[in-house]
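Shown next, in structure tokens, is the structure this report addresses.
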Amino acid sequence: MLQGKEVYLRPLEPDRDLEKCFYWIYDPEVAQFVLFHPPYSRLYEKEWLEKASRHGEKGTYTFAIVIKSNDVHIGNCGLHGVNPISRNAELGIMIGDRHYWGKGFGTDAMKILCQWGFEGLNLHKIFLKVYDFNKRGIRCYEKTGFKQEGVLRQQCFLRGAYHDEVVMGLIRDEFQL
């Protein structure tokens, strides 16, 4: 378990976490910000959770984000495609419970995850991609220290229009808790 100020990260548990994860991915307000898109079945989501709960398999580490004060699971985050030679990984995060948006829990989770990636996995760089319209997410990433590295122009078609994906990165030496 990884401890932050307001949240902790624990491994995902398929039986415990399936219903929430399935609900979040079908909530249009949440799903608009993720880089993958339904339709997914409960069986697919369960299989994904089972794979995600096996830490380190195929260079993936996925966690549940849980609020310390009330033990509520509010989202997921992880490091994917961990490359031990180049020492980098792609970060993904989703605060699935909209009641907890904009309260700093995502930033706290990002800081814990990045610290663990740099110290625990000995990464040199962590990067991510975010849709250009996800202003709240971009602010969260910037607060964690991520810098824009590039733009994949008109990379995806969502909500009736093409949107850019912003590529952001954080180098170990730039990271500060």
Side-chain angles (χ1 to χ4, degrees), residues 1-82 88-121 123 126-131 134-141 143-144 146 156 158 165-166 168 170:
M1 190 175 338
L2 305 173
Q3 298 282 337
K5 292 179 183 172
E6 302 291 329
V7 302
Y8 66 88
L9 307 182
R10 65 161 170 79
L12 285 168
E13 300 172 21
D15 293 335
R16 180 179 182 183
D17 300 326
L18 176 61
E19 291 307 313
K20 278 192 174 187
C21 291
F22 187 73
Y23 173 79
W24 293 334
I25 204 61
Y26 275 96
D27 180 342
E29 290 294 311
V30 175
Q32 70 178 324
F33 298 116
V34 297
L35 298 179
F36 53 89
H37 302 284
Y40 296 126
S41 65
R42 264 191 172 63
L43 177 60
Y44 177 91
E45 189 69 14
K46 185 174 184 190
E47 288 172 354
W48 178 84
L49 275 167
E50 287 170 356
K51 287 177 190 171
S53 67
R54 293 192 291 267
H55 270 230
E57 188 171 289
K58 296 185 180 178
T60 295
Y61 299 86
T62 309
F63 299 92
I65 302 168
V66 182
I67 296 185
K68 284 179 162 183
S69 64
N70 60 12
D71 213 37
V72 172
H73 175 199
I74 63 167
N76 303 324
C77 64
L79 294 172
H80 312 286
V82 174
N88 63 40
E90 184 170 6
L91 186 145
I93 184 169
M94 173 184 72
I95 302 297
D97 189 328
R98 290 184 279 135
H99 297 100
Y100 295 96
W101 285 3
K103 298 183 187 319
F105 297 116
T107 302
D108 194 28
M110 291 279 297
K111 288 181 178 183
I112 303 165
L113 187 60
C114 289
Q115 180 180 21
W116 181 74
F118 291 131
E119 294 175 5
L121 296 177
L123 296 177
I126 298 172
F127 66 95
L128 59 86
K129 294 180 219 160
V130 58
Y131 293 134
N134 187 353
K135 302 301 182 194
R136 185 175 49 250
I138 291 169
R139 278 192 310 276
C140 171
Y141 306 143
K143 282 193 269 183
T144 308
F146 281 80
C156 57
L158 296 167
E165 282 184 19
V166 178
M168 301 181 79
L170 178 62

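Residues that satisfy the side-chain contact (heavy atoms from CB on, under 4.5 Å) test with Tyr100, not counting sequence neighbours, are Ile67, Asn70, Val72, Ile74, Ile95, Asp97, Phe105. Among residues two or more places apart in sequence or in another chain, the side-chain contact (heavy atoms from CB on, under 4.5 Å) test is passed with Ala109 by Val7, Leu9, Ile65, Ile93. For Phe118, the ring-ring contact (aromatic ring centres under 6.0 Å, His included) test picks out Phe175, with sequence neighbours left out. Annotation: side-chain hydrogen bond (donor to acceptor under 3.5 Å, both in side chains) contacts of Lys68 (sequence neighbours excluded): Gln3. Partners of Glu119 according to the side-chain contact (heavy atoms from CB on, under 4.5 Å) rule, which considers only residues two or more places apart in sequence or in another chain, are Gln115.
A 4.5 Å side-chain heavy-atom check between Leu123 and Trp116 finds every atom pair outside the cut-off. Residues Met110 and Lys143 form no side-chain contact, since every pair of their non-hydrogen atoms from C-beta on lies 4.5 Å or further apart.
Judged by distance alone, with hydrogens and angles left aside, the side-chain atoms of Asp108 form a donor-acceptor pair with the main-chain N or O of Glu6 at under 3.5 Å. Listed for the His73 side chain is a donor-acceptor partner under 3.5 Å among the backbone atoms of Gly75.
Results of the side-chain contact (heavy atoms from CB on, under 4.5 Å) test with Phe63 over Ile112, Leu113, Leu79 single out Leu113 as the only residue that passes.
Of all the heavy atoms in Cys140 and Gly106, the pair that sits closest is SG-C, 3.8 Å. Annotation for Thr60 and Gly81: closest pair OG1-N, 4.2 Å, computed over non-hydrogen atoms.
Distance check: Met168 CE to Ile126 CD1 gives 13.0 Å after rounding to the nearest 0.5 Å. How far CG of Asn76 is from CG of Leu12: 4.5 Å, rounded to the nearest 0.5 Å. Taking CD of Glu165 as the start and OH of Tyr131 as the end, the distance is 5.5 Å to the nearest 0.5 Å. Separation of atoms SG (Cys77) and CG (Leu128) is listed at 12.0 Å; rounding is to 0.5 Å. To the nearest 0.5 angstrom, Asn134 atom CG is 6.0 Å from Tyr141 atom OH.
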(request) Run the numbers on Phe146 and Ile138 for side-chain contact (heavy atoms from CB on, under 4.5 Å), then give the verdict. (result) CA-CA 9 Å; Phe146 281 80; Ile138 291 169; over 6 Å; no
